[in-house]
Structures are given as C-alpha cells and as structure tokens.
Colleague: 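Got a structure for you, written out below as structure tokens; questions coming shortly.
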Amino acid sequence: MRERLAIIHDEASRRDEEKHIARLRVISEKIDKLAAALQRPIDPQLAHYLQRRSYDKALEFLEHCSGRSATVD
C-alpha cells in the first residue's frame with residue numbers, strides 16, 4: 001500500500017497518464033492478491049477497507065494496529 005501511495009505521488013509518473021494508470025493497476029492487483037491470501041478471519045474494519053479499495057484507510061488501520069494482530073482470534 002505504501003508503494004501505491006508512492007506511485008500516486010510520483011509527479012514524473014503522472015506526466016505519462018497511460019503508464020501511470022498501468023502502474024496503479026499493477027499495484028492494485030498485487031494488493032488484491034495479498035488481501036485474498038490473508039489468514040481468515042480478518043478484522044471486519046480492515047475487510048471493509050480492502051473490499052472498498054480504501055487502501056489509504058487500510059494502511060492507516062494496519063499502522064495503528066501494529067501492536068496487535070490484524071486478524072480476529
């Protein structure tokens with residue numbers, strides 16, 4: 001998700017819209033695959049963010065939950 005943010009903020013990348021969108025598509029697909037591979041069940045709030053592709057919120061959630069597991073025991 002940090003890599004996605006870096007792409008979004010990459011001014012040079014945005015100059016070529018087609019390549020920029022392609023880079024975002026690739027990283028979004030990678031995030032989707034990683035999300036699908038998460039051990040179940042996952043926290044409902046995290047699941048909501050991932051399903052809605054609210055990756056900024058998902059990253060914030062994970063960073064704030066770094067002291068505890070992102071899965072529900």
Colleague: Apply side-chain contact (heavy atoms from CB on, under 4.5 Å) to the pair Glu60 and Leu62, showing each step before the final yes or no.
Modeller: CA-CA 5 Å; Glu60 184 178 326; Leu62 290 170; over 6 Å; no
Colleague: Indicate yes or no: at least one non-hydrogen side-chain atom of Ile31 is less than 4.5 angstrom from one of Glu3.
Modeller: no
Colleague: Can you confirm whether more than 12 heavy atoms, excluding those of Arg53, are under 6.0 Å from its CZ atom?
Modeller: no
Colleague: Tell me, with the steps shown, if Tyr49 and Phe61 meet side-chain contact (heavy atoms from CB on, under 4.5 Å).
Modeller: CA-CA 9 Å; Tyr49 293 147; Phe61 176 89; 4.0 Å; yes
Colleague: Lys57 versus Gln45: any side-chain heavy-atom pair under 4.5 Å?
Modeller: no
Colleague: Can you find a pair of side-chain heavy atoms, one from Asp32 and one from Leu50, that are under 4.5 Å apart?
Modeller: no
Colleague: Return the minimal non-hydrogen interatomic distance between Leu46 and Ala58, and the atom names on each side.
Modeller: CD1-CB, 4.0 Å
Colleague: Going through the checks in order, is the side-chain contact (heavy atoms from CB on, under 4.5 Å) test met by Arg25 and Ile21?
Modeller: CA-CA 6 Å; Arg25 187 175 298 117; Ile21 297 298; 3.4 Å; yes
Colleague: For the pair Arg23 (side chain) and Ser13 (backbone), establish whether a donor and an acceptor sit closer than 3.5 Å, ignoring hydrogens and angles.
Modeller: no
Colleague: Out of curiosity, Asp10 CG to Leu24 CG, how far, rounded to the nearest 0.5 Å?
Modeller: 10.0 Å
Colleague: My understanding is that only residues two or more places apart in sequence, or in another chain, count here; which of them pass side-chain contact (heavy atoms from CB on, under 4.5 Å) with Leu59?
Modeller: Met1, Arg2, Leu5, Glu63
